[in-house]
2 protein chains.
Amino acid sequence: MKKVNSDIAYEFIREKILNGKYPPGHALMTEVLSSEIGVSRTPVREALHRLKADGLVSIKAHLGASVKKMGVKEFREMCDLRLALEGHATGLAALNHSQTDLRRIKFALEAMRGLTERIVAAKSEEPLIDELRSEDVHFHVAIMTAAKNDLIKSEILRLHLINRLLFLPSTETEEQLSPVSKKDSDRNRLKVMESHDEIYEAIAKHDAPAAKRAMEHHIQDIIDKSLRAIAMSGEGGISRVLTDEELIYSG
Amino acid sequence: MKKVNSDIAYEFIREKILNGKYPPGHALMTEVLSSEIGVSRTPVREALHRLKADGLVSIKAHLGASVKKMGVKEFREMCDLRLALEGHATGLAALNHSQTDLRRIKFALEAMRGLTERIVAAKSEEPLIDELRSEDVHFHVAIMTAAKNDLIKSEILRLHLINRLLFLPSTETEEQLSPVSKKDSDRNRLKVMESHDEIYEAIAKHDAPAAKRAMEHHIQDIIDKSLRAIAMSGEGGISRVLTDEELIYSG
DNA sequence: TATTGGATGTTGTATTCAATAAGTTTGAGC
DNA sequence: GCTCAAACTTATTGAATACAACATCCAATA
């Protein structure tokens, strides 16, 4: 599969958005981007429209494109959608998973357990958090894969990328200082592990309703936490809130 | 909101696809379309990419675009997704609906009841079927609106449009002859009315779990019917199957 | 001060050019 | 004479550039 210029532009811009180089609200002008990327405006335009379809960019005719800024209403709606989809997919995973799928889920689960224990035991949490987040992603993706429905899986992944817009590593000088104490974070981490255990057990037992319930509960926790963070951080238009490693799919 | 050429091209092509003028698999060449629509290739290209994002068109680099042809696997996945979304949305509708929402739902419900009775009583079903289908759409859309989640609503509407690709009025000479007897169709119509009543009652009572269950059951019926039709009609790649008025959102 | 007119910059569109894929012809080898 | 392959032809997409339309800003003027 040969990569065309529009793909290059797409990946370039997408990367910058997800890295926070282009923060929410940042204007995306075709001329600037085209000279920066090294292709003409045409493929850049195409890339921007694809990103709009992904929900990462908003475009208004004659007014140009900008990185999507999510409002509180939109955020709540997205959370709700995610709850429904991921819950359903987990139910499917309980029914459809293969032994390989199950092993992969278990592997991510145990990796997270090890990391969590080490983090809780350690004074500083810094170096292991990225790994933990990464394994968290693995865990959830493994479940979505086990559900054996590519359409739902891709839809969920799309939502998580949009979600990520809200919890970007800060580009500005101020480093993201965690507002919660390590003790609180640790308690949360242990709670996450419990939820994951519960989800895994239900899937392993082919208990679809239980798996679904457990996942819905888990995600509701995450959503509650996000909404609290947003409420504290900014009112009205959400621009950026503090990172938090148990907000999954952020690594 | 001024309409730009790319919008014109988008609506033009979309319309033709949904009408069956461009059947699944039909090649969509930019040159041809641009001369037919009266705009240059550039906005046509853009329109095709938007339609790809909608799921109505598939594009391969250097090979061009064509109207989406859905495989059986993809169709099953879509049904599953729809079940999850529409079920969830109906639960939300039970919780969030306003009195106006409820009135609108009731109105569509009663319109359908009247039409159904007249169709069952009549010898021929022809003239009223389109109206019935239209009211069916109204009923479901009214519920999605009552759910108060625009994101989920638009997602569901998108799925229904894709779904419609499978149940297009035939473009070819052979008119879509209903393979089921009127008696069978009538029985089905009455069953649909029962399901709708059940859904409405649950929403009116603010009983979210019951509403959700009822809607899931209803949609599962529709899916089963679709799959049977597909199984009878064609194997492997689904190109076109017979129309059926209780396949909602088709009018 | 409010408004209108132009200056400027950016998007949207058309057109031209380049690259790719498929189809066709030509020709060498058997 | 037939087959297969390679080169050429053609059709169509992808990209670049040139041009037109629109929105915004600023200044001049009533």
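Chain naming here is simple, since letters A, B, ... match the order of the sequence lines and numbering starts at 1 in each. Just the heavy atoms: all of them, side chains too, but no hydrogens, waters or symmetry mates, feed the values below.
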For this session: Rounded off to whole Å, could you give me the CD-to-P distance for the E46(A) and dA16(D) pair?
Result: 11 Å

Problem set entry | Atom pair distance, as rounded to whole Å: CZ in R41(A) and C1' in dT13(C) | 10 Å

Exercise. Within a radius of less than 6.0 Å around CD of E11(B), do more than 12 heavy atoms belonging to other residues, nucleotides or ligands occur?
Worked result: yes

Exercise. Which residue, D7(A) or A61(A), contacts DNA chain D at a nucleotide closer to its 5' end, judged by nearest heavy atom?
Worked result: D7(A)

Exercise. When the distance from CZ of R50(B) to P of dG12(C) is rounded to whole Å, what number comes out?
Worked result: 11 Å

Exercise. How many Å lie between OH on Y10(A) and C1' on dG14(D), as a whole number?
Worked result: 19 Å

Exercise. Has T30(A) got a side-chain N or O lying under 4.0 Å from the OP1 or OP2 atom of dT11(C)?
Worked result: yes

Problem set entry | Main-chain N/O of I222(A) paired with S226(A) side-chain donor or acceptor, under 3.5 Å | yes

Exercise. CD1 of I59(A) versus C1' of dT11(C): gap in Å, rounded?
Worked result: 11 Å

Exercise. Do any side-chain nitrogens or oxygens of N5(B) fall under 4.0 Å of OP1 or OP2 in dA14(C)?
Worked result: yes

Seminar exercise, completed: To the nearest angstrom, the NE2-C1' distance between H62(A) and dA21(D) comes to 7 Å

For this session: Return yes when atom CZ of R50(A) has more than 12 non-hydrogen atoms of other residues, nucleotides or ligands closer than 6.0 Å, and no otherwise.
Result: yes

Problem set entry | dT13(C) OP1/OP2 closer than 4.0 Å to side-chain N/O of S40(B) | no

Exercise. In whole angstrom, what separates L33(B)'s CG from dA11(D)'s C1'?
Worked result: 16 Å

Problem set entry | Nearest-angstrom distance from the residue atom NZ of K60(B) to P of dA19(C) | 24 Å

For this session: Would you indicate which nucleotide in dA15(D), dT13(C), dG12(C) comes nearest to any side-chain atom of P43(B)?
Result: dT13(C)

Problem set entry | Side-chain heavy-atom pair M144(B), I152(B) within 4.5 angstrom cut-off | no

